[in-house]
Amino acid sequence: MSAAAPKILLVEDNPDVRDFLKATLESDGFQVFTAANGIKLISNIRIEKPDLILLDIELPWVDGFELCKAVKAHPDYRRIPIIFVSVRTREEDIRAGMACGADDYITKPIDIDHFFRTIRKHLPVAQGTPA
């Protein structure tokens with residue numbers, strides 16, 4: 001039997017983008033949990049323990065930069081890779097995203113091949129020995 005599918009927490013406030021990315025990721029075999037804002041991110045990260053977080057920057061209440069810093073500052077979650085997925089394409093936005101602890105940055109509109117390559121690059125390698 002194959003290993004469990006990696007869990008991805010997708011944090012995106014636009015329901016159309018969120019639904020599209022969720023369906024795209026699930027069609028490739030990932031388990032996807034979604035959050036529309038930072039409050040939902042915090043509750044989902046505790047419950048689902050994702051292998052990777054896809055994070056938008058422009059979110060209600062608190063932006064993705066602050067959320068990234070908070071996740072990376074938490075001892076239980078700091079090792080979870082965070083990839084920003086944003087319409088912000090300026091070099092200074094990308095630098096700011098990386099400076100707050102992100103592991104990578106994908107710009108919208110999304111190139112699906114690049115999207116999947118980037119995700120796979122940051123997923124933990126499956127362990128070959130039983131616990």
Side-chain angles (χ1 to χ4, degrees):
M1 188 167 210
S2 62
K7 292 182 180 182
I8 294 178
L9 176 54
L10 169 64
V11 187
E12 168 64 60
D13 64 322
N14 181 311
D16 294 332
V17 174
R18 188 172 58 241
D19 292 346
F20 169 75
L21 291 177
K22 182 178 192 301
T24 300
L25 289 160
E26 287 176 341
S27 73
D28 209 55
F30 294 102
Q31 293 182 67
V32 182
F33 305 93
T34 62
N37 56 54
I39 295 166
K40 296 288 187 185
L41 175 144
I42 299 303
S43 62
N44 278 343
I45 199 172
R46 289 181 181 146
I47 295 166
E48 303 302 341
K49 298 177 179 43
D51 297 305
L52 184 136
I53 298 171
L54 295 173
L55 182 58
D56 190 15
I57 293 172
E58 297 178 9
L59 296 167
W61 301 304
V62 62
D63 71 27
F65 293 139
E66 292 303 315
L67 289 170
C68 182
K69 289 178 196 172
V71 170
K72 291 299 187 173
H74 194 288
D76 293 340
Y77 310 130
R78 71 177 50 156
R79 294 193 194 281
I80 299 172
I82 295 177
I83 301 172
F84 278 117
V85 181
S86 179
V87 296
R88 294 187 181 185
T89 59
R90 297 178 316 172
E91 190 61 37
E92 51 266 32
D93 291 321
I94 296 169
R95 275 197 306 272
M98 301 307 283
C100 71
D103 296 277
D104 224 316
Y105 195 108
I106 297 171
T107 58
K108 297 175 187 174
I110 295 170
D111 172 316
I112 294 298
D113 291 333
H114 174 70
F115 180 69
F116 280 118
R117 275 194 312 273
T118 303
I119 289 170
R120 286 190 181 94
K121 178 173 81 173
H122 292 288
L123 283 172
V125 177
Q127 295 181 352
T129 57

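The basis for the numbers below is simple: all heavy atoms, side chains too, and nothing from hydrogens, waters or symmetry mates.
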Looking at side-chain heavy atoms only, is the closest gap between [X] and [Y] below 4.5 Å?
X      : Y      : value
Phe115 : Asp28  : no
Thr24  : Ile110 : no
Leu9   : Ile80  : no
Glu12  : Val85  : no
Phe30  : Asp51  : no
Phe84  : Met98  : no

Linked, directly or transitively: Leu123 and Leu21 (ILVMFWY side chains, under 4.5 Å):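 Cluster IDs for Leu123 and Leu21 match.
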
Cluster check Ile119, Phe20: I/L/V/M/F/W/Y, side chain < 4.5 angstrom: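 Cluster IDs for Ile119 and Phe20 match.
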
Nearest heavy-atom pair of [X] and [Y]: which atoms, and what distance?
X      : Y      : value
Cys68  : Cys100 : SG-O, 3.6 Å
Tyr105 : Ile83  : N-CG2, 4.2 Å
Asn37  : Val11  : O-CG1, 4.1 Å
Asn44  : Pro50  : O-CD, 4.5 Å
Gly38  : Val62  : CA-CG1, 4.3 Å
Leu55  : Leu59  : CD1-CD1, 3.9 Å

With Asp19 via salt bridge (charged side-chain N to carboxylate O under 4.0 Å, His left out) - residues at least two apart: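 Salt bridge (charged side-chain N to carboxylate O under 4.0 Å, His left out) check on Asp19 returns nothing, list empty.
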
Donor-acceptor pair, side chain of Lys108 and main chain of Ser86, under 3.5 angstrom: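 Answer holds: no.
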
Main-chain N/O of Glu48 paired with Lys7 side-chain donor or acceptor, under 3.5 Å: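 The answer is yes, because a donor-acceptor pair under 3.5 Å joins these two groups.
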
Ion pair Lys72/Asp103, N-O distance below 4.0 Å: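 Looking at Lys72 and Asp103, the cut-off is met.
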
Chi angles and distances behind the side-chain contact (heavy atoms from CB on, under 4.5 Å) call for Leu41, Val71: CA-CA 10 Å; Leu41 175 144; Val71 170; 3.9 Å; yes

Distance (rounded to the nearest 0.5 Å) between Ile42 CD1 and Leu67 CG: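 It comes to 6.5 Å.
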
CA sep, side-chain torsions, deciding dist, call: Arg18, Leu10, side-chain contact (heavy atoms from CB on, under 4.5 Å): CA-CA 7 Å; Arg18 188 172 58 241; Leu10 169 64; 4.1 Å; yes

Whether over 12 other heavy atoms sit under 6.0 Å from Lys40 NZ: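 Atom NZ in Lys40 is not packed in, count stays at 12 or less.
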
